[in-house]
**Q** 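My structure is below; once you've seen it, I'll send some questions.
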Amino acid sequence: MDHKDNQSPQVRILLEFLEVAITSVVFLKGVYPSGAFERRRYMNLVVQRARHPELRDYIHSSVWGLLPFIEKDLVERVAVIFFNADNNPVERFIFKLVVNQSYSSKVEEADLEFSLRSFLIKLSVSEPLTNVLSHDCRWEITAYFRSLLDKSTSKDAGLWIPTDTKQWHQPPLITPIKSMSSEPLSLQLYLEHPSLN
């Protein structure tokens with residue numbers, strides 16, 4: 001993986017984790033045949049990696065494109081959104097994060113990886129919580145920012161396209177999957193479905 005050497009270890013670990021976790025979500029949902037993925041080891045777990053270069057590059061570039069925004073604590077949530085044939089969202093996997101860049105104590109990478117590892121374990125057994133998708137569904141990675149970016153002050157602001165994702169009319173049903181709260185990283189993973197009403 002290509003990443004900058006000057007970023008904090010917690011941001012690097014978080015981005016590596018998000019790349020693996022998003023790939024795991026896409027694999028879990030069965031959007032592609034299982035042959036589109038290959039087994040790899042990450043954090044001493046067996047995980048899936050996309051074989052197709054365009055799929056792998058989309059996930060990689062989407063996640064690592066968030067680097068400058070996570071470093072500035074602008075990213076509130078990263079979502080993997082699945083849509084039906086009518087382009088309506090039917091399911092969202094949400095990673096809600098808070099990265100404390102001002103945390104001055106040395107963070108043991110092994111401790112952080114151990115905490116994030118539990119998310120991957122929980123994610124791998126969460127299929128019963130999700131809906132079965134039709135074969136003509138599509139998906140995307142979307143980031144939600146804490147505040148709007150000003151194009152005049154950030155050269156990276158123009159890289160991201162505002163989403164035209166349709167919102168649900170009722171508050172969604174939320175199914176918690178896993179959460180952790182520690183310094184310098186707090187993370188929640190939950191699933192959103194449209195309300196039954």
**Q** Can you see whether R138 engages N87 through a side-chain donor-acceptor pair at a distance of less than 3.5 angstrom?
**A** yes

**Q** Quick one: side chains of residues 117-124, donor-acceptor pairs under 3.5 Å with protein atoms, not counting sequence neighbours, listed by atom name and distance.
**A**
unit_1	atom_1	unit_2	atom_2	d
R117	NE	M43	O	2.9
S118	OG	S115	O	2.6
S124	OG	I121	O	2.7

**Q** Can you confirm whether R77 sits close enough to F145 that some side-chain heavy atom of one is under 4.5 Å from a side-chain heavy atom of the other?
**A** no

**Q** Quick one: list whatever passes side-chain hydrogen bond (donor to acceptor under 3.5 Å, both in side chains) with N131, sequence neighbours left out.
**A** H193

**Q** Between I13 and Y42, which heavy-atom pair has the shortest distance, and what is it?
**A** O-OH, 4.0 Å

**Q** Could you tell me the separation between the CD1 atom of I59 and the CG atom of L18, rounded to the nearest 0.5 Å?
**A** 11.5 Å

**Q** Taking all heavy atoms of W64 and all of R12, pick out the closest pair and write down the distance.
**A** CH2-O, 4.0 Å

**Q** Nearest 0.5 Å, what's the OH-CD1 distance between Y144 and I94?
**A** 5.5 Å

**Q** Mind checking side-chain hydrogen bond (donor to acceptor under 3.5 Å, both in side chains) for K29 and listing every partner two or more places apart, or none if nothing turns up?
**A** E91, T130

**Q** Can you check whether D86's main-chain N or O pairs, donor with acceptor, with N84's side chain at less than 3.5 Å?
**A** yes

**Q** To the nearest 0.5 Å, what is the distance between OG (S179) and CD1 (I177)?
**A** 11.0 Å

**Q** Restricting to ring pair (Phe, Tyr, Trp, His ring centres under 6.0 Å), what partner residues turn up for Y58, sequence neighbours left out?
**A** W139

**Q** At what distance, to the nearest 0.5 angstrom, does CD of Q48 lie from CZ of F27?
**A** 4.0 Å

**Q** Decide whether V98 and V63 are clustered together by the hydrophobic rule: side chain heavy atoms of Ile, Leu, Val, Met, Phe, Trp, Tyr closer than 4.5 Å, transitively.
**A** no

**Q** Locate the shortest heavy-atom distance separating S186 from S181; write the atom from each residue and the value.
**A** OG-OG, 3.4 Å

**Q** Using modelled atom types and a 3.5 Å cut-off, is there a donor and acceptor pairing between side-chain atoms of R56 and backbone atoms of A50?
**A** yes

**Q** Apply side-chain contact (heavy atoms from CB on, under 4.5 Å) to residues L185 and L116 and explain how you reach the verdict.
**A** CA-CA 10 Å; L185 174 65; L116 292 173; 4.1 Å; yes

**Q** Can you get from M180 to I70 by hopping between Ile, Leu, Val, Met, Phe, Trp and Tyr side chains that sit under 4.5 Å apart?
**A** yes

**Q** Please report the C-alpha distance between I22 and V78 in whole Å, then the side-chain angles of each, then the deciding distance to 0.1 Å, and finally whether the side-chain contact (heavy atoms from CB on, under 4.5 Å) criterion is met.
**A** CA-CA 10 Å; I22 289 170; V78 178; 4.2 Å; yes

**Q** Rounded to the nearest 0.5 Å, what's the gap from CD1 on I81 to CZ on F93? Could you check?
**A** 12.0 Å

**Q** Indicate yes or no: at least one non-hydrogen side-chain atom of L173 is less than 4.5 angstrom from one of P194.
**A** no

**Q** Taking all non-hydrogen atoms of both residues, which atom of P176 and which atom of Y190 are closest, and how far apart?
**A** CA-CB, 3.9 Å

**Q** Quick one: side-chain hydrogen bond (donor to acceptor under 3.5 Å, both in side chains) partners of E38, sequence neighbours excluded?
**A** R40, R49

**Q** In Å, rounded to the nearest 0.5 Å, how long is the span from CZ of R92 to CD1 of I174?
**A** 10.0 Å

**Q** Test Q10 against L14 for side-chain contact (heavy atoms from CB on, under 4.5 Å), laying out the working first.
**A** CA-CA 6 Å; Q10 61 262 24; L14 173 63; over 6 Å; no

**Q** In sequence, state the C-alpha distance, the side-chain angles, and the governing distance for F69 and V75, and then conclude on side-chain contact (heavy atoms from CB on, under 4.5 Å).
**A** CA-CA 6 Å; F69 307 110; V75 178; 3.6 Å; yes

**Q** Taking the side chain from R39 and the backbone from V47, do they hold a donor-acceptor pair closer than 3.5 Å?
**A** no

**Q** Using the rule that two of Ile, Leu, Val, Met, Phe, Trp, Tyr join whenever any of their side-chain heavy atoms come within less than 4.5 Å, decide whether F114 and L97 are in one cluster.
**A** no

**Q** Indicate yes or no for a side-chain donor-acceptor contact from Y32 to the backbone of L55 under 3.5 Å, with no hydrogens or angles considered.
**A** no

**Q** Mind checking side-chain hydrogen bond (donor to acceptor under 3.5 Å, both in side chains) for R41 and listing every partner two or more places apart, or none if nothing turns up?
**A** N44

